[in-house]
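Order of the sequence lines sets the chain letters (A, B, ...), proteins ahead of strands, with each chain counted from 1.
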There are 2 protein chains.
Amino acid sequence: MSVRTQQQAIAASRELAVDLSAVIVCVTGDQPQILAIRSENDAADALASGPLESRHRTLEAGLRSWVESQTHQCLGYVEQLYTFGDRNRMVVGSNRRVRMLSIGYLALVREARPENTSNTVWRNWYQYFPWEDWRSGKPAVLARIERQLRSWVADAEGAGDRRARAERVRACFGLGNIRWSDERVLERYELLYEIGLVPETHRDRAPAWCSADDVIKEGALMIADHRRVLATAIARLRGKIKYRPVVFELMPPTFTFLNLQQAVEALAGLLMHKSNFRRLVESQGLVEDTGEVSAGAAGRPARLLRYRHDILLERPVPGARLPQALRGK
Amino acid sequence: MSVRTQQQAIAASRELAVDLSAVIVCVTGDQPQILAIRSENDAADALASGPLESRHRTLEAGLRSWVESQTHQCLGYVEQLYTFGDRNRMVVGSNRRVRMLSIGYLALVREARPENTSNTVWRNWYQYFPWEDWRSGKPAVLARIERQLRSWVADAEGAGDRRARAERVRACFGLGNIRWSDERVLERYELLYEIGLVPETHRDRAPAWCSADDVIKEGALMIADHRRVLATAIARLRGKIKYRPVVFELMPPTFTFLNLQQAVEALAGLLMHKSNFRRLVESQGLVEDTGEVSAGAAGRPARLLRYRHDILLERPVPGARLPQALRGK
DNA sequence: CTCCTTATACTCAAAGTAAGTATTAATGGG
DNA sequence: CCCATTAATACTTACTTTGAGTATAAGGAG
């Protein structure tokens with residue numbers, strides 16, 4: 001890059017604020033939880049977050065430092081999600097508008113520490129996204145959401161536009177012959193945001209298709225774009241558990257098959273077939289027997305398992321959706 | 001976020017430059033290509049890139065505007081890759097050091113337009129990563145790379161450290177009982193960078209494990225962290241073709257099975273079994289027959305296919321690595 | 001001891017996959 | 001004009017993975 005362009009970049013940066021935010025996830029029993037920062041006056045929670053500062057060596061280091069100072073939580077697994085930077089979502093600072101660059105992170109921790117304090121709470125993530133939990137059947141909110149979506153489709157201008165809207169709704173919310181996909185969390189939220197079905201739309205900008213009265217009020221709010229970052233995190237995590245052994249970052253040192261299954265079900269928001277789940281886990285060779293058995297609970301005691309740390313990466317890439325490459329040659 | 005934190009953020013941003021860069025990919029025949037910007041004096045190419053400016057409505061809009069002004073290429077499919085922000089990789093601007101935030105994008109285009117000009121060239125991406133092309137057997141460079149990696153493993157301090165290094169090398173480069181994974185492009189590059197086996201290490205900072213003489217010189221360089229962004233793009237694309245129909249963004253309106261297979265092979269850097277590839281594509285219902293056949297080439301003419309745009313999202317998520325969720329209920 | 005609960009083992013059919021062989025239909029050199 | 005070459009397409013076979021379900025085992029409460 002030439003010196004001129006560098007100077008332009010620096011000039012441009014004068015109007016720029018970079019915010020690092022973390023979706024800190026744990027699973028307690030059979031519920032997925034995230035660490036939320038309570039606000040003093042506001043009703044809406046926040047994620048642990050703070051601005052990038054020059055003292056931070058790397059982005060991730062900056063994130064960790066903010067999280068630790070705000071929550072006293074030590075992070076293990078951390079992964080960058082996405083950088084949001086719409087000018088729509090700006091904040092007013094000193095006396096001019098600055099662009100907000102928001103870099104979201106996903107962090108996984110093993111247990112809900114710290115306990116809830118005056119500042120922080122562990123919250124079930126389905127409090128923010130009630131339509132994402134299908135473990136006890138189709139969530140009730142979806143009836144209203146679907147009704148609104150159908151009328152949005154009907155309101156389209158031309159036939160082509162209407163078809164496009166219908167297609168998008170079907171893909172996001174699994175209507176018609178399309179099945180619900182646990183991974184489309186962000187696409188669903190963005191659709192709701194775009195057409196004004198969540199309160200954030202009306203908070204951030206001029207009213208969209210939907211009036212403020214028709215807004216879906218189920219689901220807790222968060223400040224700024226934090227609910228969007230949360231949606232991104234859930235989507236990423238749901239996708240990732242399918243091809244990388246990330247669930248184990250959320251499990252205690254030893255656990256039973258049922259514990260593991262419930263953790264996965266909590267994240268995916270779906271129930272799975274018990275024996276098939278066991279068979280899959282066993283076939284992957286990711287866990288080993290500790291020799292001990294669980295005690296206390298009702299029913300036959302279960303074997304206690306442990307994650308095989310040594311195996312980390314050696315599995316043949318599973319579920320690759322291309323014919324296996326030719327071997328030999 | 002409170003007003004105080006906002007002001008901190010703005011203060012911090014004074015030392016910040018945000019660079020948007022695009023890996024623009026097309027496939028010509030059976031080769032994957034990227035659009036590189038020739039440098040005037042320097043030997044190293046660059047990606048199309050430029051600083052984020054306040055006139056840009058969104059990050060993606062900023063990227064598109066830079067790409068169009070630098071290359072006169074219109075972008076179709078665009079996807080954000082990752083935001084890099086190590087303080088190691090800084091640039092000197094005016095008279096103080098600023099942090100470089102680099103947001104990488106992947107863009108797919110159908111044909112190599114514009115033709116090469118004085119400023120831009122389409123280059124085979126394996127020019128930058130010769131060890132990533134296994135289509136005609138194991139690349140020759142890997143012999144030297146593996147030798148160096150083995151001695152890096154041997155140089156580890158304790159036995160634990162040595163095992164960790166060995167494990168990492170095995171996972172990245174598919175040694176021992178682990179197979180080569182086409183998707184680990186970035187992990188491989190990062191490992192080479194970290195231990196000083198690519199020239200960038202020595203350009204960016206104090207010498208690492210490896211002396212400048214032992215550096216792997218095969219593979220063209222790029223400025224700044226652009227080769228890292230390219231590695232990220234290749235990795236993402238190789239992963240994505242396995243579960244989303246993105247290849248079609250790179251295909252002309254009509255194509256044969258062989259064209260499609262060669263495109264996929266070009267991206268993956270691996271050969272596939274012909275009949276199985278056809279069966280897979282057919283079973284997905286992603287293409288339809290145009291009725292026409294290809295002409296001119298030697299051999300029996302092939303049917304011309306076209307991508308079914310209408311089907312975009314309706315496929316049942318394939319290859320999900322969890323037991324299918326219970327139906328009904 | 002009996003029932004309830006949960007764990008674990010085993011079965012079975014259907015679908016999907018890896019790796020071929022066989023057949024068909026063009027081109028181009030002689 | 002025939003035949004070797006090249007490529008497309010069709011068919012086969014054994015094997016693995018899945019979805020779905022049933023049967024048996026092992027504890028605790030009453």
Determine whether Gln31(A) and Arg135(A) satisfy the following criterion, side-chain hydrogen bond (donor to acceptor under 3.5 Å, both in side chains), listing intermediate values before the conclusion. CA-CA 11 Å; Gln31(A) 294 302 330; Arg135(A) 286 175 298 169; 3.0 Å; yes
Taking atom C1' of dT12(D) as reference, at what distance in whole Å does atom NZ of Lys274(B) sit? 18 Å
Just how far, in rounded Å, is C1' of dG19(D) from CG of Asn276(A)? 6 Å
On DNA chain C, nearest-nucleotide positions of Arg300(B) versus Arg300(A): which is more 5'? Arg300(A)
How would you label the contact of Ser275(B) with the nucleic acid (heavy atoms, under 4.0 Å): base, sugar-phosphate, or nothing? base
Counting any heavy atom closer than 4.0 Å, what does Arg279(A) reach on the DNA or RNA strands: base, sugar-phosphate only, or nothing? base
Rounded to the nearest angstrom, tell me the gap between atom NE2 in His273(B) and atom C1' in dT9(D). 13 Å
Roughly, in whole Å, what's the span from CD in Glu282(A) to P in dA9(C)? 7 Å
In whole Å, what is the span from the CE atom of Met272(A) to the P atom of dG21(D)? 17 Å
Along DNA chain D (nearest heavy atom to each residue), the more 5'-positioned of Ser283(A) and Gly296(A): Ser283(A)
Length of the line joining Phe277(B):CZ and dA19(C):C1', which is rounded to integer Å: 17 Å
Counting only side-chain nitrogens and oxygens, does Arg278(A) get under 4.0 Å of the OP1 or OP2 atom of dT8(C)? yes
Taking C-beta and beyond as the side chain, do Glu218(A) and Trp131(A) meet within less than 4.5 Å on heavy atoms? no
Between CG of Leu280(A) and P of dT16(D) the distance, given in whole Å, is 17 Å
Close side-chain approach of Tyr77(A) to Leu250(A), heavy-atom, < 4.5 Å: no
Using a 4.5 Å cut-off on heavy atoms from C-beta on, say whether the side chain of Tyr189(A) contacts that of Leu230(A). no
